[in-house]
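I have placed the structure first, in the form of structure tokens, so that the comments after it can refer back to it.
Residue numbering restarts at 1 for every chain, and letters A, B, ... go by the order of the sequence lines. Remember, it's a predicted structure, so these values are computed and weren't measured experimentally.
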Number of protein chains: 2
Amino acid sequence: MARPPKTSTPSPAPTPSSATGKGGAGTAPLARPSRVQMSDIARLAGVSVSTVSRALSDSSLVNPETRARVAELARSLNYSINIGAQNLRLKQNRTVAVIVPYDPATRQHLSDPFFLSLLGSLADALTDRGLDMLITRVDAGHLDEAARPWRTGQAAGVVLVGQWHHHDQLNAMAVQGVPFVVWGAQLPQQLYATVGSDNIAGGELATAHLFERGAQRVLFMGDPDLPEIGQRQQGWERAHARAGRMADPTLARKVPFVAEAIRAEVESLLRQKLAFDAVFCASDLMAMTVIGTLRRHGRRVPEDVRVVGYDDIALAANFEPPISTVRQPISEAGELLVEGLLAQLAGERVGPRLLRTELVARQSS
Amino acid sequence: MARPPKTSTPSPAPTPSSATGKGGAGTAPLARPSRVQMSDIARLAGVSVSTVSRALSDSSLVNPETRARVAELARSLNYSINIGAQNLRLKQNRTVAVIVPYDPATRQHLSDPFFLSLLGSLADALTDRGLDMLITRVDAGHLDEAARPWRTGQAAGVVLVGQWHHHDQLNAMAVQGVPFVVWGAQLPQQLYATVGSDNIAGGELATAHLFERGAQRVLFMGDPDLPEIGQRQQGWERAHARAGRMADPTLARKVPFVAEAIRAEVESLLRQKLAFDAVFCASDLMAMTVIGTLRRHGRRVPEDVRVVGYDDIALAANFEPPISTVRQPISEAGELLVEGLLAQLAGERVGPRLLRTELVARQSS
DNA sequence: GTGAAAGCGCTAACAC
DNA sequence: GTGTTAGCGCTTTCAC
């Protein structure tokens with residue numbers, strides 16, 4: 001018969017052991033200072049634990065007076081129900097895991113304000129529904145690890161945000177019945193649910209806008225290996241086709257989302273004297289670096305080179321010059337991701353969702 | 001005798017009910033598709049649950065063959081231990097709650113890249129130690145709600161990031177024995193642990209630097225009601241004292257962290273023809289807006305007005321002009337916050353920790 | 001080396 | 001209206 005070390009006396013919180021010294025907790029299983037629990041309230045109220053449980057859940061079975069007494073006691077003791085135990089018993093779970101893939105090569109933290117906003121939007125959408133948000137970073141090369149919080153029962157489902165290249169791993173997860181939704185591009189043969197903006201339309205919008213403003217040779221800068229970015233490039237191509245122009249392939253520049261690489265690319269283009277009078281950047285952040293670099297080399301924006309970004313992060317409007325960009329409806333994004341996940345948990349089949357993009361013309365173009 | 005609705009047959013995952021329709025899960029307790037559990041493995045391996053438990057925890061008690069068989073089975077079934085149940089039994093918890101206070105007035109999401117980076121840094125520090133991160137947004141007016149994840153047993157402790165004015169509520173939490181650490185300023189009569197950069201020194205650094213570059217009238221812009229910002233302003237004052245100058249109080253401009261307000265303030269200053277030849281901004285983001293506004297009104301930076309920011313966010317280096325700023329050592333911040341929390345959980349008393357700031361001189365000054 | 005059984009903090013029949 | 005009891009998925013003593 002198991003008998004875990006139970007101090008039967010109401011043990012008055014473990015005495016802190018002194019000293020200001022640092023750390024040292026190592027990997028020991030995290031203990032926790034004593035917390036109030038139902039049995040404490042039951043004892044103090046002179047009723048059984050079940051009655052406390054009923055009282056706290058506002059069961060009509062329990063005597064109003066008892067209920068009041070219990071409620072008051074709970075409040076004054078700062079008691080909150082132990083969610084883990086409750087979940088175990090009820091087989092429910094109101095936590096959603098949000099997975100942020102990260103590139104182990106660049107060890108790049110989610111540094112783009114766009115993703116920050118997306119997280120904020122998710123936090124809003126989850127909070128509004130009384131759901132908790134567990135954030136986990138996962139090696140982008142092992143996206144299947146995203147299922148972990150679900151398998152361990154920590155979360156009811158998973159939202160995966162950020163770029164990636166692992167279509168197949170995600171399809172496998174879907175087959176295994178893991179409830180999850182991905183922020184990203186809609187791909188062929190996709191067995192899982194995505195939410196994302198219409199990147200092709202967005203790319204076309206940006207490029208067409210540059211043509212309208214008189215641009216002749218529009219550079220595309222971004223890493224098309226990321227599905228979303230690839231689609232923006234497709235939009236760029238499509239705009240050319242629509243305008244009856246040839247999309248010069250040398251104008252499509254593959255660049256990762258790293259400030260140094262972007263600066264280097266722009267400088268190399270200038271050195272090569274490649275002719276261009278506009279740049280469509282795969283993100284606003286990239287546009288900022290591009291504009292900065294161009295100016296440092298004596299090119300004026302927009303007079304010499306028109307620039308359009310993507311995302312419409314808050315900073316875009318306050319940059320000098322204010323950046324023209326393609327807005328992705330972020331707050332809608334969070335809503336749809338959460339909605340999609342809940343629908344799956346309710347047993348529905350969920351298809352991909354495309355968000356409308358919108359061109360915001362400012363002075364950089 | 002309770003008998004929760006247990007489908008005794010190994011029920012083959014609930015059949016999805018069809019249709020692409022959206023949402024509808026409402027507030028119903030989130031169910032979860034069936035997951036593998038220990039008893040499944042035990043049955044398949046022909047051993048008892050206890051043996052499986054021991055095998056999976058690499059107990060030396062269990063026969064190597066049995067252990068291998070169980071391990072293989074677990075792997076092939078994608079089994080992961082149910083952490084909730086494990087925690088309940090072990091009375092442990094490896095989740096840390098990270099609380100982001102938010103201003104319900106502006107309904108401002110954590111929009112500053114600095115906080116994003118701080119979250120990233122926390123995520124790194126936690127991940128490195130095998131801790132999970134539960135993110136919760138809390139009304140800045142009710143910081144005592146930050147204790148909730150601890151009281152519910154969801155987290156072993158709490159890290160509170162972001163600005164606030166509720167010293168007293170935090171002291172109360174400390175008295176109640178809630179394990180938590182705050183990112184922020186060290187205040188008098190403080191009963192809780194903080195980690196923060198040395199804002200006074202930082203403010204002094206920035207201001208002294210502007211003096212060195214020849215500035216005569218240095219504006220301070222920020223909201224000193226936030227303790228951290230107040231201390232930066234103190235640093236600004238102290239730099240004046242050190243230089244034997246008078247800090248003209250009209251040069252200290254109280255401005256909230258809202259782009260429109262910042263722009264309006266700058267424009268109002270220009271209209272009033274208040275004389276100033278430098279601005280020390282309480283954040284890089286603010287510096288960007290200030291520079292943009294100044295330029296839009298024909299002032300050159302740094303020729304007419306020198307500007308220094310605070311934080312050294314990634315964008316600062318890539319702005320046009322690159323922004324001089326006071327760097328806060330972010331990755332250290334995450335480490336110290338987590339370390340402080342773990343130390344508390346280990347029963348140690350933890351004092352406030354100050355991080356060294358550093359001036360990064362670039363072209364805006 | 002393995003299994004039976006008790007219990008982590010909670011909920012919900014069921015009995016009174 | 002309230003208490004008793006079993007059990008959510010796990011770990012661990014104790015017995016064999």
note: A:R43, atom CZ; C:dG9, atom P; distance rounded to Å ~ 12 Å
| said: A side-chain contact here means heavy atoms from C-beta on lying under 4.5 Å apart; do B:L341 and B:V96 qualify? | reply: yes
Mind listing the side-chain donor-acceptor pairs of residues 151-161 of chain A below 3.5 Å, one per line with the distance, residues two or more places apart or on another chain?
| unit_1 | atom_1 | unit_2 | atom_2 | d |
| --- | --- | --- | --- | --- |
| A:R151 | NH1 | A:Q176 | OE1 | 3.4 |
| A:R151 | NH2 | A:Q176 | OE1 | 2.8 |
| A:T152 | OG1 | A:R148 | O | 3.3 |
| A:T152 | OG1 | A:P149 | O | 3.2 |
| A:T152 | OG1 | A:Q154 | N | 3.4 |
| A:T152 | OG1 | A:Q154 | OE1 | 3.1 |
| A:Q154 | NE2 | B:D132 | OD2 | 2.9 |

B:L90 atom CG is separated from C:dC8 atom P, nearest whole Å, by 13 Å
Side chain to side chain contact (heavy atoms under 4.5 Å, CB included) filter on B:E145, not counting sequence neighbours, yields B:V138, B:H142
d(B:F115 CZ, B:L122 CG) to nearest 0.5 Å is 11.5 Å
Between its two end axes (five pairs each) the helix from C:dG1-D:dC16 to C:dC16-D:dG1 turns, nearest 10 degrees, through 50°
Review point. Should A:Y79 be listed as having a side-chain N or O under 4.0 Å from OP1 or OP2 of C:dC10?
Key: yes
The correct set of residues in residues 49-69 of chain B placing a heavy atom under 4.0 Å from DNA chain D is B:V49, B:S50, B:S53, B:R54
Q: Taking only the side-chain nitrogens and oxygens of B:Q86, find out if one of them lies under 4.0 Å from OP1 or OP2 of D:dT11.
A: yes
In whole angstroms, the gap separating C1' of C:dA5 from CZ of B:R89 amounts to 11 Å
Residues passing the side-chain hydrogen bond (donor to acceptor under 3.5 Å, both in side chains) test with A:S80, sequence neighbours excluded, are none
Salt bridge (Lys or Arg N to Asp or Glu O under 4.0 Å) pairs touching residues 69-87 of chain A, sequence neighbours excluded, are A:E72-A:R75
Review point. Between B:H167 and B:Y192, how do the two ring planes meet: parallel, tilted or perpendicular, split at 30° and 60°?
Key: perpendicular
d(A:N63 CG, A:R54 CZ) to nearest 0.5 Å is 12.0 Å
Here the distance between atom P of C:dG9 and atom CZ of A:R35, to the nearest Å, is 10 Å
Note: for B:V47 and A:S80 on DNA chain C, the residue whose nearest nucleotide lies more 5' is B:V47
Out of D:dT4, C:dG9, C:dG7, minimum distance to the side chain of A:L88 belongs to C:dG9
d(B:Q86 CD, B:S53 OG) to nearest 0.5 Å is 8.0 Å
Closest of D:dT11, C:dC8, C:dC10 to the B:K91 side chain is C:dC8
Rounded to whole Å, the CG-P distance (B:N87 to D:dC8) equals 19 Å
Taken to the nearest whole Å, CD1/B:I83 to P/D:dT11 is 11 Å
Testing C:dT11, D:dC10, D:dT4 for proximity to the side chain of B:I81, the answer is D:dC10
